[in-house]
Chemist: 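This structure is in structure tokens; I'll ask about it shortly.
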Amino acid sequence: MTIDDRERGIRLRAGDAELVVRPDQGARLSSLTVGGLQLLRQGERFGSFVMAPWCGRTRRGRFRNGAVEHQLPVDAGEHAIHGTVRRRAWTTARADERSVALYCDLIEPWPYPGRVTQLVELAEDGGSVTLTLGVETAGNSFPAQAGWHPWFLRQLTEGGRPVEIDFAAEWQEERGEDHLPTGHRVAPKPGPWDDCFGMPDGVEVRLNWPEQLALTVTSRAEWAVVYDELPEAVCVEPQSGPPNGLNTHPRLVTELEPLEVSTRWEWRLA
């Protein structure tokens with residue numbers, strides 16, 4: 001493990017893989033290289049960021065906790081998007097050559113005190129990374145979600161063949177004109193996608209860059225958003241609930257039952 005003062009990033013290394021984590025930018029994975037190939041987009045929309053304490057859009061920024069209604073700041077049209085911790089500085093609890101543990105306390109505009117944690121663990125052989133998120137309360141219970149929003153490059157090299165996305169879902173959340181699920185589940189449709197899919201046996205999505213690298217995203221979570229409408233990158237987002245899930249699929253975080261979700265990215269060079 002090394003700390004890059006220029007980027008303020010923590011670099012993890014194993015085998016032919018190198019991963020950079022940015023505590024100053026929401027515990028974002030800013031870079032993942034395997035065999036010299038960069039897998040994550042760089043630039044304005046880059047790396048992989050944490051979504052917590054909710055994922056995707058929350059309708060009009062409003063949600064209820066029992067009888068109490070809360071209003072979150074809207075930052076995606078009329079909705080609130082992707083939680084409150086992705087642009088905040090996180091604290092590094094510990095780090096070594098292959099892992100780092102970080103945390104960020106929940107503060108306003110989230111109405112309940114608590115903490116989000118992330119553990120990043122690069123496998124000893126450099127063939128995978130496991131990411132684990134936790135959401136804890138420091139008092140009252142509250143509904144929450146957690147997940148990841150990676151920007152995988154569509155092409156790993158100039159002239160390289162574009163990524164192929166393969167997965168099997170039991171259903172697709174029907175998307176309304178406001179980009180939120182309508183509450184109806186439909187048979188999965190072909191892309192392009194900006195859609196949430198239900199995978200009750202756990203998320204498994206395969207990304208293949210022909211003749212270069214194959215990567216599989218897995219999680220025990222039951223939902224994943226797949227987004228491939230940009231020419232530069234594609235997103236595969238394991239998450240603990242669907243968009244607007246604070247309202248439609250609330251998962252209550254209590255002192256005895258924090259929310260925990262993990263994902264594993266496993267790769268192999270062609």
Side-chain angles (χ1 to χ4, degrees), residues 4 6-51 55-56 81-82 86-87 100 118 120-123 125-131 133 147-167 169 190-197 203-219 221 224-239 262-270:
D4 188 320
R6 178 177 58 83
E7 289 190 342
R8 297 178 299 282
I10 298 173
R11 294 181 179 268
L12 311 179
R13 296 183 178 92
D16 58 2
E18 180 178 275
L19 180 66
V20 180
V21 183
R22 293 288 300 269
D24 63 311
Q25 292 192 356
R28 182 186 298 253
L29 310 186
S30 65
S31 171
L32 172 60
T33 57
V34 179
L37 294 171
Q38 175 63 255
L39 306 189
L40 296 173
R41 185 187 184 194
Q42 306 298 292
E44 181 183 357
R45 298 177 175 180
F46 72 101
S48 176
F49 63 82
V50 172
M51 298 184 291
C55 302
I81 197 167
H82 296 331
R86 70 188 191 278
R87 295 191 179 97
V100 58
Q118 178 167 230
V120 181
E121 300 173 288
L122 193 59
D125 65 357
S128 66
V129 63
T130 300
L131 311 172
L133 288 174
W148 298 266
H149 193 303
W151 293 97
F152 292 111
L153 284 167
R154 187 177 292 274
Q155 294 173 276
L156 298 185
T157 57
E158 185 176 354
R161 292 167 62 185
V163 67
E164 300 166 353
I165 306 174
D166 180 45
F167 61 93
W193 300 293
D194 181 10
D195 294 282
C196 183
F197 295 89
V203 170
E204 182 173 346
V205 180
R206 295 164 292 281
L207 301 173
N208 182 48
W209 292 266
E211 301 176 358
Q212 292 184 302
L213 184 139
L215 181 147
T216 303
V217 176
T218 57
S219 175
V225 168
V226 180
Y227 175 59
D228 69 344
E229 294 183 348
L230 290 183
E232 302 89 358
V234 301
C235 304
V236 177
E237 308 165 32
Q239 49 196 64
S262 66
T263 184
R264 187 170 186 249
W265 305 352
E266 185 173 7
W267 52 79
R268 58 176 176 80
L269 291 164

Chemist: Got a second to check how far Ser31's OG is from Arg22's CZ, nearest 0.5 Å?
Modeler: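 Answer rounded to 0.5 Å: 10.5 Å.
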Chemist: What's the verdict on side chain to side chain contact (heavy atoms under 4.5 Å, CB included) for Trp209 and Phe152, showing C-alpha distance, side-chain angles and the deciding distance?
Modeler: CA-CA 11 Å; Trp209 292 266; Phe152 292 111; 4.2 Å; yes
Chemist: Show the nearest heavy-atom pair for residues Asn208 and Leu213, with the distance to one decimal.
Modeler: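 Minimum heavy-atom contact is OD1-O, 3.6 Å.
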Chemist: Once you measure the plane-to-plane angle for His82 and His149, does it fall in the parallel (<30°), tilted (30-60°) or perpendicular (>60°) bin?
Modeler: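 Ring orientation, 0 to 90° scale: perpendicular.
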Chemist: Ignoring hydrogens, what is the shortest heavy-atom contact between Pro162 and Pro210? Give both atom names and the distance.
Modeler: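 Pro162 and Pro210 have their closest heavy atoms at O-CD, 3.5 Å.
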Chemist: Within the 4.5 Å heavy-atom criterion, are Cys235 and Val225 side-chain neighbours or not?
Modeler: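 The answer is no; the side chains never approach within 4.5 Å.
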Chemist: Will you find, in the side chains of Glu204 and Thr216, an N or O donor that is under 3.5 Å from an N or O acceptor?
Modeler: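 Note: Glu204 and Thr216 side chains miss the donor-acceptor criterion.
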Chemist: Walk me through it: do Trp151 and Glu232 pass the test side chain to side chain contact (heavy atoms under 4.5 Å, CB included)?
Modeler: CA-CA 9 Å; Trp151 293 97; Glu232 302 89 358; over 6 Å; no
Chemist: Looking only at heavy atoms, what is the nearest atom pair of Arg264 and Ser128, with distance?
Modeler: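 Arg264 and Ser128 have their closest heavy atoms at NH2-OG, 3.3 Å.
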Chemist: Hey, what do you get for CD (Glu211) to OG1 (Thr157), rounding to the nearest 0.5 Å?
Modeler: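 Rounded to the nearest 0.5 Å, the CD-OG1 separation comes out at 10.5 Å.
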Chemist: If I compare all heavy atoms of Ala17 with all of Gly126, which pair ends up nearest, and what's the gap?
Modeler: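 The answer is CB-O, 3.4 Å.
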Chemist: Do Trp265 and Leu29 touch side chain to side chain, with heavy atoms closer than 4.5 Å?
Modeler: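 Yes - at least one pair of side-chain heavy atoms lies under 4.5 Å apart.
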Chemist: Counting N and O atoms only, with roles assigned by atom type, does the side chain of Thr263 sit under 3.5 Å from a partner on the main chain of Thr218, one being a donor and the other an acceptor?
Modeler: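 Yes; judged by distance alone, with no hydrogens or angles, the pair exists.
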Chemist: Would Glu18 and Arg13 count as a salt bridge (Lys or Arg N to Asp or Glu O under 4.0 Å) here? Give the steps.
Modeler: CA-CA 5 Å; Glu18 180 178 275; Arg13 296 183 178 92; 2.6 Å; yes
Chemist: Which residues satisfy the side chain to side chain donor-acceptor pair (under 3.5 Å) test with Gln118, sequence neighbours excluded?
Modeler: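 With sequence neighbours excluded, Gln118 shows a side chain to side chain donor-acceptor pair (under 3.5 Å) to Trp148, given in chain and number order.
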Chemist: Evaluate Leu215 against Val34 for side chain to side chain contact (heavy atoms under 4.5 Å, CB included), listing each step before the verdict.
Modeler: CA-CA 11 Å; Leu215 181 147; Val34 179; over 6 Å; no
Chemist: What pair of heavy atoms forms the shortest contact from Leu37 to Leu269, and how long is it?
Modeler: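 Looking at all heavy atoms of both residues, the closest pair is CD1-CD2, 4.1 Å.
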Chemist: What verdict does the side chain to side chain donor-acceptor pair (under 3.5 Å) test give for Ser30 and Gln25, after you've listed the backbone C-alpha separation in whole Å, the side-chain angles of each residue and the deciding distance to 0.1 Å?
Modeler: CA-CA 9 Å; Ser30 65; Gln25 292 192 356; over 6 Å; no
Chemist: Might you point out which heavy atoms bring Ser219 and Ser262 nearest each other, and give the distance in Å?
Modeler: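 Scanning both residues, the minimum pair turns out to be OG-O, 2.6 Å.
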Chemist: How far does CD of Glu121 sit from CG of Leu131, to the nearest 0.5 angstrom?
Modeler: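 Nearest 0.5 Å value for the CD-CG distance: 9.0 Å.
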Chemist: Atom CG in Leu12, atom CG in Leu32: separation rounded to 0.5 Å?
Modeler: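 Spacing of CG (Leu12) from CG (Leu32) equals 10.5 Å.
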Chemist: Can you tell me how far apart CG (Asp195) and CD (Glu229) are? Round to the nearest 0.5 Å.
Modeler: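 Between atom CG of Asp195 and atom CD of Glu229 there are 7.5 Å.
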Chemist: With sequence neighbours left out, what residues match Phe167 under ring pair (Phe, Tyr, Trp, His ring centres under 6.0 Å)?
Modeler: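 For Phe167, the residues satisfying ring pair (Phe, Tyr, Trp, His ring centres under 6.0 Å) (neighbours in sequence not counted) are Trp193, Phe197.
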Chemist: So, taking the atom named CD in Gln42 and the one named CG in Leu153, what distance separates them when rounded to the nearest 0.5 Å?
Modeler: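 So the CD of Gln42 and the CG of Leu153 are separated by 7.5 Å.
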Chemist: Is the backbone N or O of Asp228 less than 3.5 Å from a side-chain atom of Arg154, with the two atoms forming a donor-acceptor pair by type?
Modeler: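 Confirmed, Arg154 side chain pairs with Asp228 backbone.
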Chemist: Determine whether Gln38 and Thr33 satisfy the following criterion, side chain to side chain contact (heavy atoms under 4.5 Å, CB included), listing intermediate values before the conclusion.
Modeler: CA-CA 4 Å; Gln38 175 63 255; Thr33 57; 3.6 Å; yes
